[in-house]
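All remarks here apply to the structure that follows.
Below, chain A is the first sequence line, B the second, and so on; all start at residue 1. These numbers were taken from a predicted model, which means no experiment stands behind them.
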Amino acid sequence: MTTQPAIEPTLRAMADRLRALLAARGIGDPCMVGIHTGGVWVARRLHELLDLREPLGALDISFYRDDFSRIGMHPQVKPSNLPFDIEGRHIILVDDVLYTGRTIRAALNELFDYGRPASVTLAVLVERSGRELPIQADVAGLQMDLEADQQVKLSGPDDLALTVQSHADR
Amino acid sequence: MPIDKLQQDANGNLRHFLTLEGLSRSVLTEILDLAESFITVDAQSVKKVPLLRGKTIANLFFESSTRTRTTFELAAKRLSADVLNINIQTSATSKGESLLDMLHNLEAMHCDMFVVRHADSGAAHFIARHVAPHVSVVNAGDGRHAHPTQGMLDMFTIRRHKGPDFGALRVAIVGDIMHSRVARSQIHALNTLGVGELRVIAPKTLVPPEASALGVHVFHDMARGLKDVDVVIMLRLQRERMQGALIPSGGEFFQLYGLNADMLAQAKPDAIVMHPGPINRGIEIDSAVADGEQSVILEQVSNGIAVRMAVMSMCLGRAAGEGA
């Protein structure tokens with residue numbers, strides 16, 4: 001098991017890059033949505049750093065997973081909460097780890113069931129290897145080249161910390 | 001097969017949903033929590049989630065009930081399942097085909113779930129014992145026995161208004177306890193969830209002999225029974241099931257056991273009023289109360305969709321290939 005260094009500086013760098021990206025795209029008043037659970041923790045800090053006007057939204061993609069018929073219902077579903085109308089809005093979608101891309105695909109499907117956003121910008125704390133769908137982050141805090149049997153996990157919600165585990169560790 | 005083994009798999013996951021009797025508090029709480037998440041689907045412009053895409057659910061209503069069938073149908077459609085409403089009156093069973101032959105034909109059409117309503121107690125249980133391993137059965141009301149989704153939507157409605165601590169609540173169920181499968185399911189659920197005090201209020205002729213064994217306090221006086229309760233659940237007078245002169249008349253029943261504003265004043269000021277519907281206005285409940293501020297009767301209908309979504313997705317969310 002490997003413990004990563006403190007991630008506050010990474011989050012600050014992400015906020016700076018998001019600010020620059022939004023300015024370059026001419027986006028003035030975006031809405032931020034975190035994906036349960038780790039994505040919400042990351043989004044909470046980014047939301048503060050960017051000082052966004054709209055309250056933070058949260059998505060639980062459990063009902064949109066493509067492996068429901070294989071693994072069944074996730075026992076701890078948290079309600080999604082989008083406290084703003086997303087129709088025509090610029091959305092910053094935030095997750096902790098981008099791995100296969102399936103979670104992001106599910107989150108995009110769910111977002112579009114709430115309305116048609118003007119754009120979606122994807123920000124992730126960690127972009128790791130192992131993509132199975134053609135999805136990439138607009139802003140990634142860290143890049144990790146990991147083996148298939150390795151897992152990167154964010155712990156929180158206070159004092160966010162990353163750990164990398166391999167199956168042999170578990 | 002004992003019903004708990006029929007209803008749940010070896011891991012405790014719901015396979016069928018036939019009765020609340022014997023289900024643990026954790027299973028009931030999981031249903032309520034999941035229903036809470038499904039409520040948010042109403043906030044979406046597309047009021048659907050893709051959870052049961054590709055699944056087929058057949059509504060088999062041997063006893064008519066437009067409201068219950070419609071909420072089951074809506075729940076299935078909001079989960080993106082395909083729904084068949086089988087009109088039993090014109091189906092082959094009325095031409096002499098056996099029930100089991102009809103079920104096997106529906107299985108051959110790759111149905112994944114049967115939602116069954118039947119006038120005979122135990123009908124859903126019987127069907128569950130004979131379906132293929134991949135098929136789930138949900139009881140939408142059988143005789144006088146059980147109506148478990150109604151019981152759970154009532155618990156959901158109470159929890160949304162009164163919070164998760166059922167131990168702090170005093171609940172009264174009023175009316176035709178004897179013939180009510182709804183009351184039986186409510187009593188099982190409230191006891192399992194640890195309700196503080198459970199009362200039933202009814203004339204002696206409409207209280208089943210086993211009532212006190214179910215852990216309820218029986219009252220025959222409406223005003224005393226309603227004193228300081230947090231929740232008032234009125235039951236429908238089952239006039240079509242009433243055999244013999246169990247009550248003198250609807251008018252007299254209303255005088256003694258009907259809920260009007262004066263009677264409701266005995267309960268706590270923030271008490272909620274519930275009714276499983278359809279309401280017999282002026283027999284069980286006064287219109288002013290049914291439509292009043294303390295009434296949550298229409299919310300019960302909306303909540304029924306979320307609860308049925310939860311039950312359906314839990315039954316069909318077993319790992320693939322996991323049978324009995």
Side chain to side chain, B:S313 and A:F63, heavy atoms closer than 4.5 Å: no

A:E87, part contacting chain B, at a heavy-atom distance under 4.5 Å: neither

Side chain to side chain contact (heavy atoms under 4.5 Å, CB included) partners of A:T37, counting only residues at least two apart: A:W41, A:K78

Residue list, side chain to side chain contact (heavy atoms under 4.5 Å, CB included) with B:A123, at least two apart or on another chain: B:H118

Side-chain heavy-atom pair B:D33, A:V77 within 4.5 angstrom cut-off: no

Atom CG of B:L100 with >12 non-hydrogen neighbours under 6.0 angstrom: yes

Over 12 non-hydrogen atoms of neighbours within 6.0 angstrom of CD in B:E21: no

B:K48, part contacting chain A, at a heavy-atom distance under 4.5 Å: backbone

A:D159 atom CG, over 12 foreign heavy atoms within 6.0 Å: no

From B:T40 atom OG1 to A:Y114 atom OH, the distance as rounded to the nearest 0.5 Å: 4.5 Å

Contacting moiety of B:I39, where chain A heavy atoms sit under 4.5 Å: neither

N/O donor-acceptor pair under 3.5 Å between B:S45 side chain and A:D113 backbone: yes

A:R25 atom CZ, neighbour heavy-atom count above 12 within 6.0 Å: yes

Separation between CG of B:L51 and OH of A:Y64, rounded to the nearest 0.5 Å: 9.5 Å

